[in-house]
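Accompanying notes for the structure given below.
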Amino acid sequence: MQVIIQPTSFDAVNLAAHIIAERLRKKPHLVLGLATGRTMIPLYQRLIEMHQKETLDFSLAVTFNLDEYIGIPPQHPGSYHYFMYNTFFRHINIDLRNTHIPNGMATDIFKECKEYEEKIKDFGGIDLQLLSIGESGHIGFNEPLSSMFSRTREKALSPVTIEQNKHLFPNPNDMPKRAITMGVGTILEANECLVLVTGKHKSKILAKSVEGPFTAMISATALQLHPNCIFVADEEAGTDLEQKEYYRWIFENEPEWEFYRKKIR
Ligand code: GLP
């Protein structure tokens with residue numbers, strides 16, 4: 001695991017976007033795991049800008065979203081289908097047939113989850129999984145006590161998550177209480193994970209996720225087991241990290257970050 005701290009949320013987003021762009025330029029058929037939530041909005045905006053001004057090409061990319069609410073249709077403004085289409089997909093040249101989001105309206109949710117896993121395998125697995133951390137420490141919708149080996153499945157949302165996300169619904173009471181989410185095991189199988197965390201309100205959960213003990217109470221701690229995981233945080237989110245100086249030294253000195261130091265300054 002590597003932790004990179006950037007001065008502002010703009011810088012953190014910009015670095016994360018450059019990491020994604022570099023992976024996509026190297027492999028146009030990249031299988032990209034996508035996340036939703038407020039943290040992702042400026043990241044998708046930056047990628048759209050790169051598409052428009054720097055010809056970043058998504059035409060061959062394949063995407064798999066982490067999760068979707070159960071019981072609301074794709075056109076519902078609170079759904080992740082709606083979020084992804086309006087925040088990202090419609091602004092880039094991705095082929096919508098190559099985008100995948102769990103179907104929260106499926107009549108057989110168990111079958112939907114099983115087929116989602118199979119589809120990921122059919123595409124050869126996820127190359128780069130984008131993530132953020134929810135205030136409950138979840139990745140995707142893997143709420144406390146999610147098995148570290150869990151696969152895509154139906155999950156009941158925790159009160160913390162309902163509180164965190166209900167304001168994203170035109171009528172907060174409409175927020176579903178269940179979702180389909182990739183499992184922690186599914187996420188850990190991605191070749192690489194990129195976790196973007198911004199804002200002071202995430203500083204405690206970020207420190208627990210990165211430096212705290214491995215526990216099913218905080219599914220983000222599972223990322224400590226991933227052999228190829230990068231956390232990018234802004235200074236505010238990094239406030240409670242104990243080893244900040246070490247992480248800063250890594251970014252400033254390690255040769256593998258030289259390319260990005262030049263790109264973002
Ligand atoms: C939702 C998603 C998570 C995401 C979280 C972060 O709960 N299911 O995958 O990490 O939002 O939300 P935000 O970026 O709004 O803090």
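Heads up: numbering here begins at 1 and tracks the sequence. Not measured: the values here are computed from a predicted model. We count ligands from 1, going down the list as the structure has it; atoms in each ligand are counted the same way.
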Check [X] against ligand 1 and report side chain, backbone, both or neither, counting heavy atoms closer than 4.0 Å.
X      : result
Tyr69  : neither
Asn165 : side chain
Ser132 : both

>> Looking at every non-hydrogen atom in both residues, tell me the closest pair between Thr39 and Leu196 and how far apart they are.
In response: CG2-O, 3.5 Å
Is there a nitrogen or oxygen of [X] sitting under 3.5 Å from a nitrogen or oxygen of ligand 1?
X      : result
His201 : no
Asp67  : yes
Glu135 : no

Need the ligand 1 atom indices (1-based, order shown) with element for anything under 4.0 Å from a heavy-atom of [X].
X      : result
Lys202 : 13 (P), 14 (O), 16 (O)
Arg38  : 13 (P), 14 (O), 15 (O)
His138 : 1 (C), 3 (C), 5 (C), 7 (O)

For [atom], which protein heavy atom lies nearest, and how many Å away is it?
atom                    : value
atom 4 (C) of ligand 1  : Thr36 O, 3.7 Å
atom 3 (C) of ligand 1  : Gly140 O, 3.5 Å
atom 2 (C) of ligand 1  : Tyr80 OH, 3.7 Å
atom 14 (O) of ligand 1 : Thr39 OG1, 2.4 Å
atom 12 (O) of ligand 1 : Gln164 NE2, 3.6 Å

> Quick one: are the ring centres of Tyr69 and Phe141 less than 6.0 Å apart?
Replying inline: yes
> Hey, do the aromatic rings of His100 and Phe123 have their centres closer than 6.0 Å?
Replying inline: yes
> Would you call Lys244 and Glu211 a salt bridge, taking side-chain N to carboxylate O under 4.0 Å as the test?
Replying inline: no
> Going by atom types alone, do Gln2 and Glu254 pair a side-chain donor with an acceptor below 3.5 Å?
Replying inline: no
> With no hydrogens and no angle check, do the side chains of Ser136 and Glu143 hold a donor and an acceptor under 3.5 Å apart?
Replying inline: yes
>> Test of understanding: with ring-ring contact (aromatic ring centres under 6.0 Å, His included), list the residues that count as partners of His81, not counting sequence neighbours.
In response: none
> Which class fits the ring pair His76 and Phe169: parallel under 30°, tilted 30 to 60°, perpendicular over 60°?
Replying inline: tilted
>> Determine whether a donor-acceptor pair (N or O, by modelled atom type, separation under 3.5 Å) exists between the side chain of Asp234 and the backbone of Phe10.
In response: no
